Amino acid sequence: MQTFMIPGTIFMSLLAGALFGVLRGLFLVVFNATAGASSCYFLSKLIGRPIVSWLWPEKLKYFQAEIAKRREKLLNYMLFLRITPTLPNLFINLASPIVDIPFHVFFLATVIGLIPASYITVRAGLALGDLKSVKDLYDFKTLSVLFLIGSVAIFPTLLRKKRVYE
C-alpha cells in the first residue's frame with residue numbers, strides 16, 4: 001500500500017495490533033511501512049525524478065541546493081517530518097529522492113520516525129471494539145505528543161543554528 005500510495009494503512013496497523021499484540025504488531029507495521037516507503041522512494045527516483053527534472057528544472061535545482069546546505073542536519077529534519085503529522089508520509093516518500101535525500105538518511109528516519117505513530121495506532125488496535133471512528137485515535141492530546149517528540153528531534157538542529165548566528 002505504501003509503495004503505490006494506496007490509502008488505508010492505518011487500518012492495517014489497527015488490525016496488526018488486534019491480531020498480534022503491541023510488540024509484534026509494532027514490529028510488523030514498522031517493518032512493512034519502511035519496506036513500502038523504501039520501495040516508493042526508489043520508484044519515485046526511477047520515474048518521478050525525470051518528470052520533475054523535465055517540468056521544473058529550476059525549482060528542482062533550488063531545492064537540491066537547499067538540501068545540500070543542510071546535509072549534516074538532514075537526519076534531524078527527516079525525523080521531525082516523520083514524527084510530526086505536518087506532512088503526509090506519502091509526500092516525504094515521493095519527494096525525498098527527487099531533492100537528493102540520501103537513502104540511508106531516509107531509511108533511518110523512516111524506521112525511527114514511524115515508531116511513535118505506529119505504536120499509538122497498533123495499541124489502539126487492542127481496543128478496536130471501543131473505537132467509534134478513526135478520529136478517536138488522533139485526538140488533540142495524541143497530536144500534541146507527536147509534535148513534542150518531533151520538536152525534541154529537531155531541537156539539536158535549532159541549537160546548532162543559534163550557535164552559528166552567535
Side-chain angles (χ1 to χ4, degrees), residues 1-13 16 23-122 138 142-166:
M1 293 175 85
Q2 288 269 337
T3 301
F4 298 108
M5 301 154 285
I6 300 169
T9 55
I10 192 167
F11 299 110
M12 300 304 255
S13 299
L23 290 178
R24 280 188 281 167
L26 180 63
F27 175 77
L28 287 170
V29 167
V30 171
F31 176 79
N32 286 319
T34 302
S38 298
S39 298
C40 185
Y41 176 97
F42 288 117
L43 191 61
S44 178
K45 189 172 190 167
L46 181 68
I47 296 171
R49 186 181 196 123
I51 293 171
V52 171
S53 297
W54 179 64
L55 291 174
W56 304 287
E58 298 83 25
K59 288 183 182 182
L60 179 60
K61 287 177 188 174
Y62 170 76
F63 285 117
Q64 287 173 332
E66 290 298 312
I67 294 296
K69 287 182 204 173
R70 294 163 177 83
R71 189 69 57 192
E72 70 277 351
K73 300 175 236 172
L74 279 180
L75 182 59
N76 289 340
Y77 283 126
M78 291 297 292
L79 276 172
F80 175 77
L81 292 175
R82 283 287 186 195
I83 292 171
T84 59
T86 52
L87 284 177
N89 283 332
L90 165 67
F91 178 76
I92 297 167
N93 297 345
L94 288 173
S96 293
I98 294 172
V99 295
D100 292 331
I101 302 289
F103 180 70
H104 70 280
V105 172
F106 173 85
F107 182 82
L108 190 58
T110 301
V111 170
I112 296 169
L114 290 177
I115 292 172
S118 297
Y119 175 77
I120 292 167
T121 310
V122 168
Y138 292 101
T142 304
L143 291 176
S144 299
V145 168
L146 290 176
F147 271 111
L148 180 65
I149 293 170
S151 299
V152 168
I154 203 165
F155 185 71
T157 302
L158 296 174
L159 193 60
R160 279 189 221 140
K161 188 183 254 187
K162 185 178 178 183
R163 287 183 190 160
V164 169
Y165 290 131
E166 292 174 354

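This one's a predicted model, so the numbers in the text were calculated from it and none came from an experiment. Values below: all heavy atoms of this structure, side chains included; hydrogens, waters and symmetry mates excluded.
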With rounding to the nearest 0.5 angstrom, report the [atom1] to [atom2] distance, [X] to [Y].
{"X": "Leu75", "Y": "Arg82", "atom1": "CG", "atom2": "CZ", "answer": "12.0 Å"}
{"X": "Ile101", "Y": "Ile67", "atom1": "CD1", "atom2": "CD1", "answer": "4.0 Å"}
{"X": "Trp56", "Y": "Phe63", "atom1": "CH2", "atom2": "CZ", "answer": "11.5 Å"}
{"X": "Ile112", "Y": "Leu108", "atom1": "CD1", "atom2": "CG", "answer": "4.0 Å"}
{"X": "Leu55", "Y": "Ile51", "atom1": "CG", "atom2": "CD1", "answer": "7.5 Å"}
{"X": "Leu94", "Y": "Asn89", "atom1": "CG", "atom2": "CG", "answer": "11.0 Å"}

message: Are Phe106 and Asn93 packed together at the side-chain level, in the sense that at least one heavy-atom pair is separated by less than 4.5 angstrom?
response: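 Side chain of Phe106 against side chain of Asn93, heavy atoms only: contact under 4.5 Å found.
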
- prompt: So, do Val99 and Glu66 sit near enough that their side-chain heavy atoms are less than 4.5 Å apart?
  reply: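 Not touching, per the 4.5 Å side-chain cut-off.
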
Quick check: closest heavy atoms across [X] and [Y], and the distance to 0.1 Å?
{"X": "Ser118", "Y": "Val29", "value": "OG-CG1, 3.6 Å"}
{"X": "Ile115", "Y": "Leu26", "value": "O-CD1, 3.9 Å"}
{"X": "Leu79", "Y": "Gly113", "value": "CD2-N, 3.9 Å"}
{"X": "Pro102", "Y": "Leu74", "value": "CD-CD1, 3.9 Å"}
{"X": "Leu60", "Y": "Ser53", "value": "CD2-OG, 3.2 Å"}

[X] atom [atom1], over 12 foreign heavy atoms within 6.0 Å:
{"X": "Leu23", "atom1": "CG", "value": "no"}
{"X": "Tyr62", "atom1": "OH", "value": "no"}
{"X": "Phe31", "atom1": "CZ", "value": "no"}
{"X": "Arg24", "atom1": "CZ", "value": "no"}

query: Under the criterion salt bridge (Lys or Arg N to Asp or Glu O under 4.0 Å), which of Arg71, Lys69, Lys45, Arg49 is the partner of Asp100?
result: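 Among the candidates, only Arg49 passes.
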
- prompt: Under the 3.5 angstrom rule, does the side chain of Ser44 hit a backbone N or O of Cys40 as a donor-acceptor pair?
  reply: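 Such a contact is absent between Ser44 side chain and Cys40 backbone.
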
Side-chain donor or acceptor of Gln64 paired with backbone N/O of Lys59 under 3.5 Å: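 Pair absent, no side-chain N/O of Gln64 close to backbone of Lys59.
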
message: Suppose we call two aromatic rings close when their centres sit under 6.0 Å apart. Are Phe107 and Tyr41 close by that rule?
response: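 No, ring centres 6.0 Å or more apart.
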
- request: Applying side chain to side chain contact (heavy atoms under 4.5 Å, CB included), run through Phe103 and Ser96 and close with a yes or a no.
  value: CA-CA 8 Å; Phe103 180 70; Ser96 293; over 6 Å; no

